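See structure below.
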Amino acid sequence: MVEVVLKDGSKKQCPKGISISDVIRDISPGLFRRSLAAQIDGRTVDLSYKINEDCRLNILTFDDEQGKKAFWHTSSHILAQAVKKLFPGARLAIGPAVDNGFYYDFDVEKPFSTEDLQVIEEEMKKIIKENLELERFELPRDEAIAYMKEMGETYKVELIEELPDDAVISFYRQGDFVDLCAGPHIPSTGLVKAVKLLSVAGAYWRGDERNKMLQRIYGVSFPKKSMLDEHLQRLEEAKKRDHRKLGRELDLFSLHEEGPGFPFFHPKGTIIYNLLVEFWRKEHVKRGYHEIRTPVILNKDLWIRSGHWDHYRENMYFTKIDEQDYAVKPMNCPGSMILYKRKLYSYRELPLRVGELGLVHRHELSGVLHGLMRVRYFTQDDAHIFMLPEQIEDEILGVIELIDHFYSIFGFKYYVELSTRPEDSMGSDEDWELATNALEKALKARGLDYKINEGDGAFYGPKIDFHLEDCIGRTWQCGTIQLDFQMPERFDLTYIGPDGEKHRPVMIHRVVFGSIERFIGILTEHFAGAFPTWLAPVQVRILTVTDRADSYARELSAILSDADIRVETDLRNEKIGYKIREAQTEKIPYMLVVGDKEMENRTVALRARGRGDLGTMQADEFLSKILKEIRTKSV
RNA sequence: GCCAACAUAGCUCAGCAGGUAGAGCAGCAGUCUCGUAAACUGCAGGUCAGGGGUUCGAGUCCCCUUGUUGGCUCCA
């Protein structure tokens, strides 16, 4: 007998060699129907796994992250089986579960068309209907390679050859289809009650553009038909929050063929931009930052010296002035270096925090442009902190505090990553290790959860990245903190120490918003266009019931405007319902309805976006209420 | 840049198997003075992304270019 400890702590005696399925069936037939995979002592396994010793058992359903993954992983096998049946020449690459479904990469003669997806989806449904069982088996390395070679699966052969020596090489069989796979999988294909193939895309083998481009099919699946409908419904809803759609509807910004990746900001978008900048300046002055402005175009020699020519040239724009080569800045740091070098600094002056709202241009590949999120010019809310080596940790912690303060004001949740040395980079291994450790130490001191992003640092130093989510859950890097020993060296920066000698300062590059343009995109999607009052381009609109209230409306407007509130009047000869509807679709936070009654009593009938009619109140009562809301930046 | 799809009025979309463009909203002009998400009538608005080709005839079929979308690579 073996002892199985369940999630709730209860213990169960079972015969040795019993399958997990049998254990669950014994606990509850209802749970058995929903179970997809299981964890034995934290290791995810199939339900057919035989228990041979005492263990802790955790049963996974579609509600568990790992259960979902197994479900989608099996779905990707069904996809591969369908493709092999319809396109026998297709070779299989990889087919994992991802956050929102699954995909499979195929090497095929001719790219898949949208029509092919339909046919493949139909074939998948047949496989599901057959309710094939998934059966696991293992092979020694040489047999596994021979087996895959025989089937012509060259990508699989490559995968097996690269597995570590001690790896268990397992396969899963469903009907006549076999795939190399670590598992786990759900017991049978019939559990997939609803499947939808969403898109085809090219994807390089192993994500390397030097490799062959494969055809990737994305799909999603669920154990219930209604869950698929809900999922598709959610995607539709998310589209309504898309900042590109809202940007057009709310007249914030636009993009034109004349400047792909170069957004135009309209008056209302510019109001938001300016408010963010104003807020940014206040918070930075409080924290001892100075602000500078440096040129957009600087001589090429500067960029050679900074290392950008060697490591960032592909992303830069160049121009000529009087026969000399110049570059449009893709980063602000070299300009900041020049200013640091204009005079001598004492150690007493450090840390020196120098901010710059710098307009940078970067040549991004045409295929990656995306609204305001990925553009070819943007404003970095940059700052460079020059400091003594012993100030590193405090300064990093200060920036983390600042970023957290900013994001929490908007109510954002964020993800943190630590990016380490990339292949194309400069400096010694010791410097990189020192810098990376310093960042990591600060993260730990602050108690932040973070993921390590191997090889994704800047070419001059490692970085802590802060990611925010868009409407469909894609994350975008916004804030970043980069520790740099290289630039001070390259530009021979110095400060005079207590010993009267010159020493080398260390520097931090950091941004909070990241790109003000991208941040506006994130804000738009986060609030679905209904910006908090302090950020709303129009904060109040006064709506008249009839033209008898026009002069009262103008008077109110002047009072609010004097208090720096962004107010508009709607005196058109339209029905009040029509005016309300329009203000509502423009997502204006407050509507003041004024007619004969209000005029007589010097009141306003208040209506708030999303909260409807709030009744009547004195005009000055409303004024103090909205002023407080703006001052506290409440969301 | 690569793979696929898409591009018709300011916006959202019709235009079926080639026979020279249509709706709703927005805009403009009038009428209605109206109390919490759409009053009524009329008018105007398009070298169908740009260029080439096939055809008696192309928004519709083919090719190229540009842009957009979803991915890949890359990144704030």
Side-chain angles (χ1 to χ4, degrees), chain A residues 103 105 108 111-117 198-218 239 242 244-245 248-249 251 254-261 312 314-315 330-331 358 360 362-375 377-382 419 422 456 458 463 465-468 472 474 476-480 482 509 511-519 521-522 543-550 573-585 591-598 605-607 609 612-616:
Chain A
Y103 69 78
D105 285 348
V108 280
F112 293 121
S113 67
T114 319
E115 292 78 61
D116 290 335
L117 283 195
L198 298 168
S199 62
V200 241
Y204 302 106
W205 167 237
R206 312 207 133 176
D208 189 328
E209 62 182 330
R210 288 167 299 198
N211 289 339
K212 185 166 186 189
M213 180 165 273
L214 310 172
Q215 289 290 309
R216 174 172 300 177
I217 298 179
Y218 280 92
K239 276 191 198 156
D242 192 311
R244 293 166 299 185
K245 182 178 158 66
R248 186 172 52 239
E249 288 172 358
D251 200 19
S254 55
L255 284 146
H256 302 269
E257 206 166 314
E258 290 82 352
Y312 210 72
E314 297 299 302
N315 284 291
M331 295 186 196
V360 297
R362 297 182 180 178
H363 178 69
E364 298 293 345
L365 296 177
S366 59
V368 307
L369 301 177
H370 180 89
L372 293 181
M373 304 296 200
R374 194 70 187 279
V375 294
Y377 90 80
F378 58 96
T379 313
Q380 273 188 319
D381 61 317
D382 216 343
S419 297
D456 211 34
K463 53 182 189 164
D465 295 327
F466 295 77
H467 294 253
L468 297 173
I472 57 171
R474 286 181 293 211
W476 297 90
Q477 187 187 315
C478 290
T480 171
Q482 311 175 346
H509 310 240
V511 290
V512 181
F513 292 134
S515 144
I516 298 183
E517 291 76 3
R518 175 180 285 180
F519 201 80
I522 300 269
L543 316 175
T544 50
V545 180
T546 70
D547 57 12
R548 290 190 296 279
D550 283 5
N573 183 14
E574 293 289 352
K575 288 172 76 173
I576 196 66
Y578 182 83
K579 294 185 182 184
I580 287 169
R581 182 188 148 79
E582 213 166 83
Q584 194 79 42
T585 46
M591 287 157 255
L592 302 183
V593 175
V594 295
D596 295 338
K597 283 181 280 180
E598 289 75 20
L606 182 63
R607 190 186 164 96
R609 167 188 71 193
D613 192 348
L614 298 183
T616 325

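In what follows, every heavy atom counts, from backbone to side chain, and hydrogens, waters and symmetry copies are set aside. What you are looking at is a predicted structure, and each value in this text was computed from that prediction instead of being measured. Letters A, B, ... mirror the listed sequences (proteins, then strands); counts begin at 1.
Distance A:Q477 CD to B:rC75 P: 10 Å, rounded to the nearest Å. Separating the CG atom of A:L365 from the P atom of B:rC3 is a distance of 13 Å, rounded to the nearest angstrom. Distance A:I576 CD1 to B:rU33 C1': 12 Å, rounded to the nearest Å. In this structure, A:Y103 places its OH atom 15 Å from C1' of B:rC3, rounding to the nearest Å. Look at CD1 on A:I522: it is 14 Å from C1' on B:rC75, rounded to the nearest Å. Atom CG of A:L214 is separated from atom P of B:rA4 by 13 Å (rounded to the nearest Å).
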Between protein and nucleic acid, restricted to nucleotides 8-14 of chain B and to nitrogen or oxygen atoms under 3.5 Å apart, what atom pairs and distances do you find?
from, atom 1, to, atom 2, distance (Å)
B:rU12, OP1, A:R248, NH2, 2.9

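The C1' atoms of B:rC6 and B:rG59 are separated by 15 Å, rounded to the nearest whole Å. Taking the P atoms as reference points, B:rA4 lies 28 Å from B:rC48, given to the whole Å. On the C1' atoms, B:rU65 is 47 Å away from B:rG30, given to the nearest whole Å. Nucleotides B:rA44 and B:rG10 are separated by 14 Å at their C1' atoms, to the nearest Å. The C1' atoms of B:rA9 and B:rG15 are separated by 14 Å, rounded to the nearest whole Å. Comparing B:rC13 with B:rU8, their C1' atoms are spaced 9 Å from each other, to the whole Å. Of the C1' atoms belonging to B:rA14 and B:rC2, the separation is 35 Å, rounded to the nearest Å.
Residue-level contact check: A:E598 touches the bases, meaning some heavy atom is under 4.0 Å from a base atom. Nucleic acid contact class of A:K579 (heavy atoms, under 4.0 Å, all strands): none. Heavy atoms of A:A605 sit under 4.0 angstrom from at least one base atom. At a threshold of 4.0 angstrom between heavy atoms, the contacts of A:K463 are confined to the sugar-phosphate backbone, with no base atom among them. Here A:R216 lies in heavy-atom contact (under 4.0 Å) with sugar-phosphate atoms only. Among the protein residues, A:I580 comes within range of the nucleic acid bases, having at least one heavy atom under 4.0 Å from a base atom.
Below the 3.5 angstrom threshold, one finds a donor paired with an acceptor across the side chain of A:Y204 and the base of B:rG1. Taking 3.5 Å as the limit, the base of B:rC74 and the side chain of A:R374 contain a donor-acceptor pair of atoms between them.
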Reading nucleotides 65-70 of chain B 5' to 3', which nucleotides get B (base under 4.0 Å from a protein heavy atom), which S (sugar-phosphate only), which -?
-SSSSB
Assign a letter to each nucleotide of nucleotides 38-43 of chain B from its 5' end: B, base within under 4.0 Å of a protein heavy atom; S, sugar-phosphate only; -, no contact.
BB----
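Comparing A:H363 and A:V375 against RNA chain B, the residue whose closest nucleotide sits nearer the 5' end is A:H363. Along RNA chain B, the nucleotide nearest A:G612 and the nucleotide nearest A:E364 are compared for position; the residue whose nucleotide lies closer to the 5' end is A:G612.
Note on A:D242 versus A:R244: salt bridge recorded, some NZ/NE/NH1/NH2 to OD/OE distance being below 4.0 Å.
The ring-ring contact (aromatic ring centres under 6.0 Å, His included) test applied to A:Y218 returns A:Y103, not counting sequence neighbours. The ring-ring contact (aromatic ring centres under 6.0 Å, His included) test applied to A:Y377 returns A:H361, not counting sequence neighbours.
Using a distance-only test at 3.5 Å, with no hydrogens or angles considered, no donor-acceptor pair links the side chain of A:R374 to the main chain of A:L369.
Put simply, A:Q584 has no side-chain N or O that comes within less than 4.0 Å of OP1 or OP2 on B:rA37.
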Go ahead and write out RNA chain B as dot-bracket, 5' to 3': ( ) for pairs within the strand, [ ] for ones crossing earlier pairs, | when the partner sits on another strand, dots for unpaired; Watson-Crick or G-U wobble, both distances under 3.5 Å.
(((((((..((((.....[..)))).(((((.......))))).....(((((..]....))))))))))))....
Going through the distances and angles, do A:T544 and A:K579 end up as a side chain to side chain contact (heavy atoms under 4.5 Å, CB included)?
CA-CA 9 Å; A:T544 50; A:K579 294 185 182 184; 3.0 Å; yes
